[in-house]
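Throughout, a chain's letter reflects where its sequence line sits, starting with A, and its residues are numbered from 1.
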Protein chains: 2
Amino acid sequence: MTITEVSRRYGLSADTLRYYERIGLLPPVPRTAGGIRDYDETSCQWIELMKCMRSAGVQIEALIEYVALFRQGDTTLGARKQLLIEQRSQLIARMAEMQASLERLDDKIQRYEQMIAEKEALPQG
Amino acid sequence: MTITEVSRRYGLSADTLRYYERIGLLPPVPRTAGGIRDYDETSCQWIELMKCMRSAGVQIEALIEYVALFRQGDTTLGARKQLLIEQRSQLIARMAEMQASLERLDDKIQRYEQMIAEKEALPQG
DNA sequence: ACTTGACTTGGAGTAGGGTCCAGGTGTTGA
DNA sequence: TCAACACCTGGACCCTACTCCAAGTCAAGT
């Protein structure tokens, strides 16, 4: 698969795909003899994973480290697990903050509804 | 209250508080005769609100607009409500993405646990 | 063989959201 | 009244995460 095809498939720009590979957020992608990227299923799975993690706000730093550990082989299984656990807890913390904001927004929206209803019940002027 | 006190109270740097006011994310804060910020309860409530919204990832743009509408008075009640509804739905969308990532992380962590357990069950070498 | 269009790299530029600093003013205690 | 310190403003700088560009190469059709 060319970069353009992968770009369409995952909704990430070709620039972003190249950028991700350059910084090590994706392992090196296979190339044709001429040096052109030729994404295989494994590459696509990495892309899908990273897209998912990034869309949830997981830091690029952490993902780069995960890829680096992965590339070092089986001796890093424990470290990778720890890294994921750490990211998981950060994710949960952020979701809790968002939940608090959501409740607050709901509350405010309700109050606005009430205020608007009250205003409309009054004679104008 | 001085900016330092408010900074400590909410865990936002004095620079950030000044920045927020400058860009209109906070309404103008009362000043002493000498021009020094003297935060009152209303200011603090705004700060608390903005801290909450920002920590949930609500865009500064949207919050600035909310403050601007607020300062225009009662005629903007409807617009403010709409703005909050829009932010609420964005928040929910982001939380859904995070939930998906969380499940994926949990899954991966479990697999690592299994892989590590299997490896330890083998004789080394 | 040549055009056309997608692909390559390295590096510069951008947007969002702060953070830091210099040079100056206000405030307080000795 | 003066030292010491907090506060002020405007503007430069920083970080993250892309995004764009120039100059060059590869590939497919004619």
Between dT16(D) atom C1' and I64(A) atom CD1, what is the distance in whole Å?
11 Å

Which part of the nucleic acid, if any, lies within contact of R54(A), taking any heavy atom under 4.0 Å across all strands shown: a base, the sugar-phosphate backbone alone, or nothing?
sugar-phosphate

Test side chain to side chain donor-acceptor pair (under 3.5 Å) applied to E48(B) - qualifying residues, sequence neighbours left out
R104(A)

Atom-to-atom span, CD1 of I23(B) to P of dT9(D) - whole angstrom:
15 Å

Within the structure, does a side-chain N or O atom of Q59(B) lie under 4.0 Å from either OP1 or OP2 of dA15(C)?
no

Just call it for I3(B): base, sugar-phosphate, or nothing, with non-hydrogen atoms closer than 4.0 Å on any strand.
sugar-phosphate

Between Q87(B) and V58(B), is there a donor-acceptor pair closer than 3.5 Å when you use the side chain of the first and the backbone of the second?
no

What residues 39-50 of chain A contributes to the DNA chain D interface at heavy-atom separation below 4.0 Å is none

Below the 4.0 Å mark, does dT19(C) have OP1 or OP2 next to a side-chain nitrogen or oxygen of S13(B)?
yes

Please state how far atom CG in L12(A) lies from atom P in dA17(D), giving the value in whole angstrom units.
14 Å

Are E21(A) and R31(A) ion-paired here, with the side-chain N under 4.0 Å from a carboxylate O?
yes

Does dC18(D) have its OP1 or OP2 closer than 4.0 Å to a side-chain nitrogen or oxygen of Y20(A)?
yes

Without decimals, in angstroms, what is the distance between E65(B) CD and dG16(C) C1'?
17 Å

At less than 4.0 Å, is any side-chain N or O atom of R37(B) found next to OP1 or OP2 of dC8(D)? Yes or no.
yes

Roughly, in whole Å, what's the span from OH in Y19(A) to P in dA12(C)?
16 Å

Could you say whether A33(B) or I36(A) is positioned toward the 5' end of DNA chain C, judged by the nucleotide with the nearest heavy atom to each?
I36(A)

Indicate yes or no: at least one non-hydrogen side-chain atom of R71(B) is less than 4.5 angstrom from one of P28(B).
yes

dG10(D) C1' sits how many Å from E21(B) CD, rounded?
15 Å

Output yes when at least one side-chain N/O atom of R31(A) is less than 4.0 Å from OP1 or OP2 of dC26(D), else no.
no

Protein-nucleotide distance (D15(A), atom CG; dG13(C), atom P), rounded to Å:
16 Å

Any side-chain N or O of R18(A) below 4.0 angstrom from OP1/OP2 of dT8(C)?
yes

With clusters defined by side-chain heavy atoms of hydrophobic residues (ILVMFWY) lying less than 4.5 Å apart, directly or transitively, does L17(B) cluster with I36(B)?
no

Is a salt bridge present between D106(A) and R88(B), judged by a nitrogen-to-oxygen distance below 4.0 Å?
yes

Residue pair Q110(A) / D107(A), side-chain heavy-atom distance below 4.5 Å
no

So, OP1 or OP2 of dA17(D): does either fall under 4.0 Å of a side-chain N or O from T16(A)?
no

Looking at T32(B), does any N or O in its side chain come under 4.0 Å of the phosphate oxygens OP1/OP2 on dT27(C)?
yes

